[in-house]
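Not measured: the values here are computed from a predicted model.
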Amino acid sequence: MNKRFLAAGASVAAAAMVLTACTPPGGGDDDDASKDTAVNIGWNESFRSMNTLTANGNATSNAILTYMMNDNFGYYDDNLEVQEGALGKVEQVSEDPLKVKYTFNDDAKWSDGTPVDAADLALTWAGTSANFNTVEANNNDDGTVKKNDAKTVYFDSSTAGSALVKKFPEISDDGKEITFEYSKPYADWQTEFGTGADGVGVPAHIVAKKALGVDDAQEGKDAILKAIKDKDTKALSKISNTWNTGFDFTSMPKDEDLLVHNGPYKMTKFEEGQYVTLELDDKYTGPVKPKVKTVTVRYNGDPMAMIQAIENGEVDMTQPQATADVLSAAEKIDGVTVDAADGATYEHVDFTFDNKGPFDPAANGGDEEKAKKVRQAFLKAMPREDIVEKIIKPLNDKAVTRDSYSQVPGSPMYDAITKVNGVSDAADGDVKAAKKLLKEAGVDAPTVRVMYDNTNSRRQQEFQLLKESAEKAGFKIKDVGDVNWGTRLGDGTYDVSLFGWQSEGTGVTENDANFRTGAQNNYGGYSNKKMDKILDKLLVSKEDQQQDLLIEMEKQLTEDAFGAPIFQFPELTIYRDSVKNVKSTSVSPTMFWNYWEWEVN
């Protein structure tokens, strides 16, 4: 899911990860280490869901908190190596067919005392596989998910790996072991379930209580498993409704069931749009021992306001939108450390293929080639070099355009892929060539609606540079920027979008969610059977095959004028010297990955 809004995206690297053996995260051995200590963190977007596996819930703003509230089977460290998590162990028990077993630790419990077990992970499989859906989609015009009727099952999520699990899993009598059998080899089996902020998903017994009216926890879990095993449409309809939206909230919920968690922190306060407070849960039974008692995340989309909050001592840590002004202001504050690096997120431009707009064949007399030529013209006018030169280089004088859909600049496969994928030629800011392409298409001054976060200063600058270049090429640009851009993705009310994709991991199969027909991050309605076949091969690929397949994939995206990558986000991690052990990693949840190591002087 690797797969959804900001938290989803293209891979940082193409090699499949190997789960490394290590001890789960601990903390200080001093029982008093967390007594009365507190950290205040500044963030730009508010929390909205406990279920990070849904399209709406899949956002970094949710992941940073669910990661602290729930344990997992594995997480990425700052070297992008997967470490063993606190819930248990993952092991391949058969290669042909591929079988993967998850074994839960005896001390893995939900905060209400219910064991975390196979039912929870089975529900996550059902919810993310799309194998139980009776319809391909069930969304309103604005992209929000509809309530399913009694004959409809639709879980608002999909991942390539879980879709390959066709059979009901093997479950031990005590529910502490669950084994999934894949119908095909799968490159990223190590991280498909139970990784990072997603953990095992939402608690199955709470879903059963809300959806099926079963109050007893064990009976509820049994009911969930029975509904999945029997493919009971009536029950799964109710279950999917609860799973899709039942864990969404934007202020402190009155229903405490929605706050059930299995990790060391619990949510104690949530003022809408202002802040969320987490505190150590004294009922937690797992091995993670954070050193900070209270973590408060404060919200403000203005990066300079965050710097002011750091200076005033209101915030101890932040990762604001990186601009030259922000960097300069932060470096002037005494007692503050500023770590600058490339982040996991990269900026890109996407087209909408299916809204009867200028890039849709339906608006061009059904002529696919004509629509593609209009897209090619817009890409040709993209001032990517200018954007990097004026907006990114003041932060990083070594910054370059990102010319790969799947690889970060400097990664092992980047040079080989970008040498032949055609991105740098297709989107080089050549206004004259763009005019020629529009003329060849026979399209005069098409109006293009551009959607982006119009409260974000960097995107405002980016939009202005894009607008200027595109209008010189013959396009009419309409600004449809929106602070709520995330909820509009895929709703068809725009023709071009500017936003960032942030990786949740490093597996090659993350590309699937972005480019496959109907996939979760494919907001523009792009569809090509050739691409789907390439992605099929990537799913089962071995490491020595992946570079050639990624080249084939990227060439196809360029040929189809899918869109274009623009730049890798510069990332600033800014923190007061009173907080120790702050380190970021270039995948979600960024600087929160080692929260148990934070110390406050």
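Nearest heavy-atom pair across K210 and D257 is NZ-OD2, 2.9 Å. The two residues M50 and V202 come nearest to each other via the heavy atoms O-CG1, 4.2 Å.
Looking at S129 and S162, their side chains never bring a donor and an acceptor atom within 3.5 Å of each other.
Remark: D96 pairs with no residue by the salt bridge (Lys or Arg N to Asp or Glu O under 4.0 Å) rule, at least two apart or across chains. For E314, the salt bridge (Lys or Arg N to Asp or Glu O under 4.0 Å) criterion is met by no residue, not counting sequence neighbours. Remark: Y299 engages no residue in a ring-ring contact (aromatic ring centres under 6.0 Å, His included) (not counting sequence neighbours). In this view, Y275 satisfies the ring-ring contact (aromatic ring centres under 6.0 Å, His included) rule with no residue, not counting sequence neighbours. For Y284, there are no ring-ring contact (aromatic ring centres under 6.0 Å, His included) partners, not counting sequence neighbours. With sequence neighbours excluded, the residues forming a side chain to side chain contact (heavy atoms under 4.5 Å, CB included) with D577 are T337, listed by chain and number. Under the side chain to side chain contact (heavy atoms under 4.5 Å, CB included) criterion, M317 pairs with V39, I41, Y575, V579, V582, M591, W598, sequence neighbours left out. Applying the side chain to side chain contact (heavy atoms under 4.5 Å, CB included) test to K580 and every residue at least two apart in sequence or in another chain returns E599, N601. In this structure, W593 has no ring-ring contact (aromatic ring centres under 6.0 Å, His included) partners at least two apart in sequence or on a different chain. Judged as a side chain to side chain contact (heavy atoms under 4.5 Å, CB included), and not counting sequence neighbours, the contacts of K167 are E181.
A donor-acceptor distance shorter than 3.5 angstrom exists from the side chain of T128 to the backbone of T124, with no hydrogens or angles considered. Not a single donor-acceptor pair under 3.5 Å links the side chain of S111 to the backbone N or O of N262.
Using a 4.5 Å cut-off on side-chain heavy atoms (C-beta onward), D77 and N594 make no contact. When side chains are defined from C-beta on, P264 does not count as touching M69, because their heavy atoms never get closer than 4.5 Å.
Aromatic ring orientation, F155 versus W243: perpendicular (interplanar angle above 60°, classes split at 30° and 60°).
Sorted by first then second residue, the side chain to side chain donor-acceptor pair (under 3.5 Å) pairs that include residues 212-227, not counting sequence neighbours, are D117-K221, Q218-D222, K226-D230. Within the structure, the side chain to side chain donor-acceptor pair (under 3.5 Å) test picks out the following pairs touching residues 263-273 (sequence neighbours left out): T250-E272.
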